[in-house]
Amino acid sequence: MPEGPELHLASCYVNKMCDGVVFTGAVRKSEVSKSPDVPFNSEAYRITATSRGKEVKLTLTPIGGDSKRRVKAGQADQPMDIIFRFGMSGFFRLTSEDELPKHSHLRFYSKEKPCRVLSFVDARRFGTWHPNGTWQPDRGPCIMFEYKSFRENVLSHLSDRAFDRPICEVMLNQKYFNGIGNYLRAEILYRLNIPPFVCARTVLEGLESEDLCESEKPVKKEFSDVKGSDRITKVKVKEEKTDLLRLSHTVPLEVVSLGGKGYDPEKADYSGFQAWLQCYSVDGMKSVRDHNGRTMWFQGDSGPMVPKDLKSPKAKKRVKKEDDHDYTDKKKVSRGRSKSTLKRKLIKEETVIKTPKKEKDARLKEAGSKRRKTEKPQEINTPHREKRSTARRRKSSSNDTAAGSQRQSRRMSSK
DNA sequence: TCTGTATGGGGAA
DNA sequence: TCCCCCTACAGAT
């Protein structure tokens with residue numbers, strides 16, 4: 001569940017689990033990963049982590065070497081930073097060598113016998129890492145740990161065209177909201193009763209660059225130009241001492257304060273987090289797709305900038321489906337999926353890892369399957385639709401085959 | 001067996 | 001703006 005809080009909890013996990021652990025040798029990458037090799041090799045090194053928004057930095061620090069003594073050829077004598085982004089499914093886990101998690105794509109080996117392994121695990125492989133990296137320059141200050149500069153960065157750039165967009169979409173722009181993701185934007189807007197598809201600038205332009213809660217000044221809210229904003233007017237009174245930028249800071253910190261329970265793979269327990277959610281994927285809430293195709297959960301009005309003429313066939317299809325059903329039905333479906341997703345997290349991940357060869361075989365098989373599947377007659381579609389549905393079918397079927405061959409591999413290896 | 005969905009973001013046009 | 005990267009699962013067919 002990687003948004004800002006989870007990335008931070010991941011860095012805490014690394015610092016806690018790797019405290020006192022000495023790592024050794026090379027950093028190993030899985031066969032299938034397309035991320036870069038990590039050219040680091042040290043007889044003895046330690047690992048520490050920090051986070052900033054939706055990035056984690058691991059620092060590998062060689063130890064024990066006398067600075068005057070020559071380091072072996074090919075061995076690092078300088079620390080290396082590796083910047084990680086987690087995509088949709090990344091996390092770290094420290095395990096024994098024979099319990100490597102499935103989808104462990106980057107591995108750091110400890111010096112002990114038997115050794116332990118710190119893995120970057122990422123089922124969907126949307127995550128990336130950058131050896132010798134720095135915090136991505138285009139990303140803004142961290143919403144949790146650089147609050148003042150985060151706030152200033154937003155309010156001093158309101159003339160940027162980025163703020164022409166709906167507030168819910170701007171909140172996913174990491175140039176300004178580094179650390180906010182899909183569940184956080186829903187929770188924050190819900191608490192302020194701000195319709196998600198109101199122009200971002202309108203929501204933000206009345207805010208003071210100084211955090212009024214900290215300076216104890218009276219809060220001045222300026223939502224008067226938002227039409228149909230009865231709810232916002234109420235909020236003006238109710239939420240007198242906060243605003244969207246402050247909540248973008250405090251709400252993620254609430255998740256951090258829930259603790260590492262949701263992250264700690266040994267005690268996978270998402271019930272606390274699930275109970276914490278007030279809006280995202282919650283019964284009775286509405287949801288629509290934003291202009292980027294991401295689901296926005298909210299209550300009440302959607303706001304004037306809600307997508308209407310959706311260009312993508314996928315989105316059109318969704319809209320048609322939504323026209324055919326009332327929100328209640330849709331909620332049931334969405335809620336069911338979401339619950340199942342959370343439930344899935346509760347199931348301990350398989351600890352068997354495919355050997356590189358088996359991974360390769362699975363991919364070869366997958367490629368063969370792709371070719372076969374594309375020979376199937378195509379549906380009658382608009383050209384655009386045709387392209388996408390074919391792609392979907394191809395993806396889906398190839399994945400089935402890949403998954404099947406993985407299952408087979410596991411069966412074989414368990415025999 | 002097929003379809004839709006998932007806490008993200010890079011890159012081409 | 002749109003497509004794509006990829007796996008895993010639930011629900012529909």
Side-chain angles (χ1 to χ4, degrees), chain A residues 1-7 9-10 30 32-35 53-55 84-91 102-103 105 121-128 130 136 138-139 165 169 171-175 177-187 252 255 262-263 270 273-274 276-277 280-281 287 289-297 307 309-315 317-318 321-322 330 332-347 349-350 354 359 362-363 366 373 376 379 384 387-407:
Chain A
M1 33 160 70
E3 297 186 18
E6 288 74 29
L7 277 276
L9 290 168
S30 75
V32 293
S33 173
K34 292 172 187 168
S35 286
K54 272 193 249 181
E55 293 183 311
F84 288 82
R85 291 191 279 280
F86 281 17
M88 295 284 254
S89 56
F91 62 94
K102 194 180 173 188
H103 306 299
H105 293 301
V121 186
D122 183 12
R124 296 184 69 181
R125 277 183 261 152
F126 291 174
T128 56
H130 299 272
Q136 200 177 28
D138 282 350
R139 304 181 81 100
R165 306 185 65 80
E169 293 174 16
M171 289 177 79
L172 294 187
N173 183 343
Q174 303 298 299
K175 187 175 172 184
F177 289 82
N178 186 7
I180 299 293
N182 208 12
Y183 82 74
L184 283 171
R185 69 170 178 175
E187 294 300 314
V255 180
Y263 186 79
Y270 285 82
F273 176 71
Q274 199 176 350
W276 175 86
L277 292 171
Y280 179 84
S281 184
S287 68
R289 299 290 167 155
D290 69 14
H291 291 92
N292 300 310
R294 303 205 66 191
T295 305
M296 178 67 223
W297 289 85
D309 181 24
L310 296 174
K311 296 287 191 298
S312 89
K314 202 174 170 182
K317 199 174 168 185
R318 276 194 301 265
K321 222 177 159 183
E322 283 162 15
K330 186 157 57 94
K332 280 176 188 166
V333 172
S334 301
R335 181 63 176 165
R337 284 205 183 97
S338 171
K339 271 181 178 166
S340 68
T341 303
L342 289 165
K343 191 177 165 189
R344 233 180 287 146
K345 302 268 186 190
L346 297 173
I347 300 168
E349 287 211 13
E350 291 176 64
K354 287 182 289 183
E359 280 181 352
R363 290 182 73 78
E366 180 184 338
K373 292 290 178 181
K376 278 171 69 173
E379 294 169 23
H384 199 166
K387 196 176 169 187
R388 293 190 62 136
S389 65
T390 308
R392 157 69 73 185
R393 193 169 55 228
R394 206 184 292 143
K395 260 191 265 181
S396 170
S397 49
S398 66
N399 288 337
D400 286 348
T401 310
S405 80
Q406 280 168 20
R407 280 192 295 274

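Labels below follow one simple rule: chain letters A, B, ... track the order of the sequence lines, proteins then strands, and each chain is numbered from 1.
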* To do: Please identify each residue that fulfils side chain to side chain donor-acceptor pair (under 3.5 Å) with A/Asn182, with sequence neighbours left out.
  => A/Arg185
* Asked: Rounded to the nearest Å, what distance is computed from the CZ atom of residue A/Phe91 to the P atom of nucleotide C/dT7?
  -> 15 Å
* How far does CD of A/Glu6 sit from OH of A/Tyr183, to the nearest 0.5 angstrom? -> 3.5 Å
* Asked: Taking atom C1' in both B/dT7 and C/dT1, what distance in whole Å separates the two?
  -> 23 Å
* Listed nucleotide nearest any side-chain atom of A/Phe126, set C/dC6, C/dT1, B/dT7 -> C/dC6
* Asked: Okay, side chain of A/Glu187, backbone of A/Leu277: is any donor-acceptor separation there less than 3.5 Å?
  -> no
Can you give me the N/O atom pairs linking the protein to nucleotides 10-13 of chain B at distances under 3.5 Å, or say none if there are none?
from	atom 1	to	atom 2	distance (Å)
B/dG10	OP1	A/Gln136	NE2	3.1

* A/Lys102 side chain N/O closer than 4.0 Å to the phosphate oxygens (OP1, OP2) of C/dT7? -> no
* Quickly work out the A/Arg289 CZ to B/dG4 P distance and round it to whole Å. => 11 Å
* Between the base of C/dC6 and the side chain of A/Arg125, is there a donor-acceptor distance below 3.5 Å? -> no
* Asked: Can you tell me how far C1' of B/dG9 sits from CG of A/Leu172, to the nearest Å?
  -> 11 Å
* To do: Let me know the distance between CZ of A/Phe86 and C1' of C/dC5, rounded to the nearest Å.
  => 18 Å
* Quick one: the dot-bracket string of DNA chain C, using Watson-Crick and G-U wobble pairs with both distances under 3.5 Å, [ ] for crossing pairs and | for bases paired to another strand. => |||||.||||||.
* **For A/Ser35, side chain to side chain contact (heavy atoms under 4.5 Å, CB included) partners two or more places apart** => A/Ser33, A/Thr128, A/Trp129
* **Counterpart residues, salt bridge (Lys or Arg N to Asp or Glu O under 4.0 Å), relative to A/Glu169 (two or more places apart)** => A/Arg165
* Who are the salt bridge (Lys or Arg N to Asp or Glu O under 4.0 Å) partners of A/Arg139, not counting sequence neighbours? -> none
* **N/O (side chain, A/Arg294) to phosphate O (OP1/OP2, B/dT7) under 4.0 Å** => yes
* Structure fact -> Rounded to whole Å, the CG-C1' distance (A/Asp122 to C/dT7) equals 10 Å
* Structure fact -> Per atom distances to the A/Arg124 side chain, the nearest of B/dT7, C/dT7, C/dA8 is C/dT7
* So which nucleotide from B/dG9, C/dT1, C/dC6 ends up closest to the side chain of A/Lys54? -> B/dG9
* Asked: Phosphate oxygens OP1/OP2 of B/dT7: is one of them under 4.0 Å from a side-chain N or O of A/Ser89?
  -> no
* Distance-only, no hydrogens or angles: does the A/Asp122 side chain make a donor-acceptor pair with backbone N or O of A/His103 under 3.5 Å? -> no
* Asked: Taking CD from A/Gln174 and P from B/dT7, how many angstroms apart are they, rounded to a whole number?
  -> 13 Å
* Under the side chain to side chain donor-acceptor pair (under 3.5 Å) test, which residues partner A/Thr295, sequence neighbours left out? -> A/Arg289
* Take atom C1' in B/dG10 and the same atom in C/dA8, then report the distance between them in whole Å. => 23 Å
* **Interatomic distance where CE belongs to A/Met88 and C1' belongs to C/dC9 [whole Å]** => 14 Å
* Is the backbone of A/Phe86 close enough, under 3.5 Å, to the side chain of A/Glu55 for a donor and an acceptor to pair up by distance? -> no
* To do: For the side chain of A/Pro2, starting at C-beta, report the closest nucleotide among B/dT7, C/dT7, B/dA6.
  => B/dT7
* Asked: Is any side-chain heavy atom of A/Lys34 closer than 4.5 Å to a side-chain heavy atom of A/Arg125?
  -> no
* To do: In whole angstrom, give me the gap between the P atoms of C/dC5 and B/dA13.
  => 15 Å
* Is the phosphate of C/dC2, meaning OP1 or OP2, less than 4.0 Å from a side-chain N or O of A/His291? -> no
* Asked: Just how far, in rounded Å, is C1' of C/dC5 from CG of A/Asn292?
  -> 17 Å
* Side-chain (A/Asn173) to main-chain (A/Lys175) donor-acceptor, under 3.5 angstrom -> yes
* P-based separation of C/dC4 from B/dG4 [nearest Å] -> 16 Å
